[in-house]
Amino acid sequence: MGRRSIVNLTFFSFTVTYLALQLQPIYTIGFDPQIIQESTTPVPSLQARPGAPFRIALFADLHFGENAWSDWGPRQDVNSIRVMSSVLDAETPDFVVYLGDVITGNNIPIENATLYWDQAISPTRSRAIPWASVFGNHDDALFVWPLEWFSASGIPQLWCPVANSSHSEEEACSFKGTSRLGLMKKEVERNVLSYSRSGPKDLWPSVSNYVLQVVSSDNTESPLVYLYFLDSGGGSYPEVISTAQADWFKRKAEEINPDSRVPELIFWHIPSKTYKSVAPFFIYNPCVGSINKEWVAAQETESGIMNILLKRPSVKHNHGLDWCCPYKKLWLCFARHTGYGGYGNWERGARILEITKEPFSIKSWIRMEDGKVHSEVILS
């Protein structure tokens, strides 16, 4: 199972500023999976439909491949596909963000975990909806041998997927895991609709660090909002947004949005320590949400990203949290546990973000698997 922490719902923060004109080159859907070169790569663009708001669905903590060797595990993956399909059909979003823990790497005994990653993105891909992903603490985690695999004689009983056209019999049970770079490379190479990126090489082993912009249909040179993705670690290395990542964000934001006049949405998986101080004992106004069932499981250390966000001019990892609360100039929000993998029996759903140009606003709500909507809030 996924480790108990507030990361089943990936977190994002929202900086409330105002709309401005910012000239940036425009990209179309899909791009080469080359590594981003610092300060030279144009910001890829997502274009809103004419006369319509731009809607984003956030899928958090899917945990595909959990207990992959059992009957229970694959059933949870089927259930998770049902949740995503229900949300996608009800909301018809323009974009999807996979907010980390897409797979449970520590439960997947094969080297090529991209097989499970492909399953997780299939509902979005089959509907021709573009998406982007950010890593969580389970995606590239090394395989953990289950105690029940070991017989009384101490000889492990191997339970591995049957070899197929993609794997030889020897490779079917490698227990090596799949690296962040391997997962990202395969996603981008195989999917023209993927906006995911392998970020600047000098930030590795942190990989999913990049920025996108949403533009209107009638003015593609004027961003409505910037979407930042930060890799909060875990799995193969410590759970942290490093000082180098924080500095990269600061440089990038000052380069493309120097006066912070364009609103910014920042997505990462494991919440910062600030979430602990903001977490409500009971959810009441101005906070919104429906579940607050566990303590915030924050990053191992704080390396400056929250201070940078707060100094700019003027979504998480827990399965049992879905609140949004204001914090100084920011909104701090958890998503909603989407996948049936991982811990917890809370009802599944997804956070929705809606960006409207005129009059400008950013709204959010939770769409549940059964179609119900709750926790609506205006973020800007």
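With rounding to the nearest 0.5 angstrom, the CG atom of N209 is 11.5 Å from the CZ atom of F249. Atom CG of D231 sits about 10.0 Å away from atom OH of Y210, to the nearest 0.5 Å. Rounding to the nearest 0.5 angstrom, the gap separating the CH2 atom in W131 from the CZ atom in F95 is 9.5 Å. The NE2 atom of H63 sits 11.5 Å away from atom CG of D77, with the distance rounded to the nearest 0.5 Å. Atom CG of L330 and atom CG of L379 lie 11.5 Å apart (nearest 0.5 Å). Atom CD1 of I241 and atom CD1 of I305 lie 6.0 Å apart (nearest 0.5 Å).
Under a hydrophobic-cluster definition in which Ile, Leu, Val, Met, Phe, Trp and Tyr are linked whenever side-chain heavy atoms come within less than 4.5 Å, directly or via other members, V96 and V373 are assigned to the same cluster. Under the 4.5 Å side-chain heavy-atom criterion for grouping Ile, Leu, Val, Met, Phe, Trp and Tyr, V144 is not connected to F64 through any hydrophobic cluster. Cluster membership check: L332 does not share its hydrophobic cluster with I378, using side-chain heavy-atom separations under 4.5 Å among Ile, Leu, Val, Met, Phe, Trp and Tyr. Note on W117: it does not cluster hydrophobically with L142, by side-chain heavy-atom contacts below 4.5 Å among ILVMFWY residues.
The shortest non-hydrogen separation linking V215 to T220 is CG1-O, 3.5 Å. Across all non-hydrogen atoms, the minimal contact from N257 to V262 is ND2-O, 2.8 Å. In plain terms, the two heavy atoms of P74 and S70 that are nearest each other are CD-O, 2.8 Å. The two residues I81 and S122 make their nearest non-hydrogen contact at CD1-OG, 4.3 Å. When all heavy atoms of A335 and A60 are compared, the closest pair comes out as CB-CB, 3.9 Å. The two atoms that bring P123 and S126 nearest to each other are O-OG, 3.1 Å, heavy atoms only.
The side-chain heavy atoms of I352 and P93, taken from C-beta on, include no pair separated by under 4.5 Å. Residues I355 and I56 have side chains in contact (heavy-atom distance under 4.5 Å, counting atoms from C-beta outward). When side chains are defined from C-beta on, F59 does not count as touching V83, because their heavy atoms never get closer than 4.5 Å. The closest side-chain heavy-atom distance from E358 to S216 is not below 4.5 Å. Residues V207 and S198 are in side-chain contact: their nearest non-hydrogen atoms beyond the backbone lie under 4.5 Å apart. You'll find the side chain of W365 reaches within 4.5 Å of the side chain of E354, heavy atoms only. Inter-residue side-chain proximity for V225 and F54 is flagged as unmet; no heavy-atom pair is nearer than 4.5 Å. Contact of the T114 side chain with the K185 side chain is not registered, since no non-hydrogen atoms from C-beta on lie closer than 4.5 Å.
Residues S45 and Q213 bring a donor and an acceptor atom of their side chains to less than 3.5 Å of each other. Neither side chain, S208 nor R180, offers a donor N or O lying under 3.5 Å from an acceptor on the other. For Y98 and T124, the side-chain atoms include at least one donor-acceptor pair closer than 3.5 Å. Side chains of H138 and T104: a donor-acceptor N/O pair is absent below 3.5 angstrom, by distance only.
Between the side chain of D101 and the backbone N or O of N137, at least one donor-acceptor pair lies under 3.5 Å. The backbone N or O of R55 lies less than 3.5 Å from a partner atom in the side chain of D94, making a donor-acceptor pair. Using modelled atom types, no side-chain atom of S85 and backbone atom of R82 make a donor-acceptor pair closer than 3.5 Å. Side-chain atoms of N107 never come within 3.5 Å of backbone atoms of G65 as a donor-acceptor pair (strictly under, hydrogens ignored). For R125 (side chain) and I129 (main-chain N/O), no donor-acceptor pair under 3.5 Å exists by modelled atom type. Between the T338 side chain and the R336 main chain, a donor and an acceptor come within less than 3.5 Å of each other. Counting only distance, with no hydrogens or angles, the side chain of S194 and the backbone of N191 share no donor-acceptor pair below 3.5 Å. A distance-only check finds a donor-acceptor pair linking the side chain of Q76 to the backbone of W72 [under 3.5 Å]. Side-chain atoms of Y226 come within 3.5 Å of backbone atoms of I256 as a donor-acceptor pair (strictly under, hydrogens ignored). Of the possible polar contacts, none joining the S232 side chain to the W268 backbone as a donor-acceptor pair under 3.5 Å is found.
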For L183 and I103, what are the C-alpha separation, side-chain angles and deciding distance, and is it a side-chain contact (heavy atoms from CB on, under 4.5 Å)?
-> CA-CA 10 Å; L183 291 168; I103 59 176; 4.1 Å; yes
For the pair S206 and F135, evaluate side-chain contact (heavy atoms from CB on, under 4.5 Å) and give the outcome as yes or no after the intermediate values.
-> CA-CA 9 Å; S206 170; F135 288 118; over 6 Å; no
After noting the C-alpha distance and the side-chain angles of D202 and W204, does the key distance pass the side-chain contact (heavy atoms from CB on, under 4.5 Å) rule?
-> CA-CA 6 Å; D202 57 359; W204 294 358; over 6 Å; no
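Each of E347, M84, R348 was compared with E369 under the side chain to side chain contact (heavy atoms under 4.5 Å, CB included) criterion, and only R348 meets it.
Under 4.0 Å is where a charged nitrogen must lie from a carboxylate oxygen, and between K186 and D118 no such pair does.
Taking the ring axis of Y340 as reference, the NZ or CZ atom of R75 does not stay both within 45° of it and closer than 6.0 Å to the ring centre.
No more than 12 heavy atoms of other residues, nucleotides or ligands shown are found within 6.0 angstrom of CG on N345. No more than 12 heavy atoms of other residues, nucleotides or ligands sit less than 6.0 Å from atom CG of D71.
With sequence neighbours left out, S86 forms a side chain to side chain contact (heavy atoms under 4.5 Å, CB included) with no residue at all.
The SG atoms of C324 and C333 sit under 2.5 Å apart.
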